[in-house]
Amino acid sequence: MLLEKIAADAKRLEDEAVAGEMSAQSVYEDFMKRSNKELTAYGESLQSMQAAKATAESDLSMTKTDLRDTLKELEGLNSYLGDLRKSCDFIMKNFDARQEARAQEIQALGEAKAILSGMN
């Protein structure tokens with residue numbers, strides 16, 4: 001009877017070990033399937049992010065080039081504005097003197113005209 005009980009206990013332990021092994025194998029297979037799916041998803045996500053990064057870097061490079069060109073154009077326009085201001089300042093500064101000179105010239109021409117008209 002003792003041998004039968006030991007044999008029965010051994011059979012029960014063996015069945016439990018086999019069931020535990022099957023359960024562990026099933027859990028491991030599920031874990032590996034989920035892991036592979038996640039790795040695939042992460043890989044696709046990484047590729048998508050790398051493509052987005054490449055696009056962003058390209059856009060950044062183009063934007064920097066555009067900014068540099070715009071700054072050069074603004075510098076040129078600022079220089080042109082400075083030249084215009086100098087020219088306008090010169091005209092405004094000398095406006096009264098030029099207006100007076102023109103008035104004297106008109107007056108002199110009028111006198112010359114009067115003198116020449118009186119000669120006839």
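The basis for the numbers below is simple: all heavy atoms, side chains too, and nothing from hydrogens, waters or symmetry mates.
Looking only at side-chain heavy atoms (C-beta outward), Met1 and Lys5 stay at 4.5 Å or farther from each other.
Note: Leu39 CG to Met32 CE = 8.5 Å, rounded to the nearest 0.5 Å. Put simply, CG on Asn94 and CG on Asp89 are 10.5 Å apart, with the number rounded to the nearest 0.5 Å. Rounded to the nearest 0.5 Å, atoms CG (Leu71) and CD (Glu73) are 10.0 Å apart. The distance from the CD1 atom of Ile6 to the CG atom of Leu13 is 11.5 Å, given to the nearest 0.5 Å. Distance check: Met92 CE to Arg85 CZ gives 14.0 Å after rounding to the nearest 0.5 Å. The OG atom of Ser45 sits 10.0 Å away from the CD atom of Gln50 when rounded to the nearest 0.5 Å.
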*Are Glu29 and Gln25 close enough, and set up right, to give a side-chain hydrogen bond (donor to acceptor under 3.5 Å, both in side chains), and what steps lead you there?*
CA-CA 6 Å; Glu29 288 175 2; Gln25 180 68 27; 3.1 Å; yes
*Run the numbers on Lys11 and Asp15 for salt bridge (charged side-chain N to carboxylate O under 4.0 Å, His left out), then give the verdict.*
CA-CA 6 Å; Lys11 178 69 175 156; Asp15 290 342; 3.7 Å; yes
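Judged purely by atom type and a 3.5 angstrom limit, Thr55 uses its side chain to pair as donor or acceptor with the backbone of Ala51. Side-chain N or O atoms of Ser79 include none that pairs as donor or acceptor with a backbone N or O of Glu75 at under 3.5 Å. No donor-acceptor pair under 3.5 Å is formed between the side chain of Ser61 and the backbone N or O of Glu57. Side-chain atoms of Asn78 never come within 3.5 Å of backbone atoms of Leu74 as a donor-acceptor pair (strictly under, hydrogens ignored).
In this structure, Glu16 places its CD atom where more than 12 heavy-atom neighbours from other residues, nucleotides or ligands lie under 6.0 Å away.
Taking a cutoff of 4.0 Å between a charged side-chain nitrogen and a carboxylate oxygen, Arg102 and Glu105 qualify as a salt bridge. Ion pairing of Lys72 with Asp69 is absent here, as no side-chain N (NZ or NE/NH1/NH2) approaches a carboxylate O to less than 4.0 Å.
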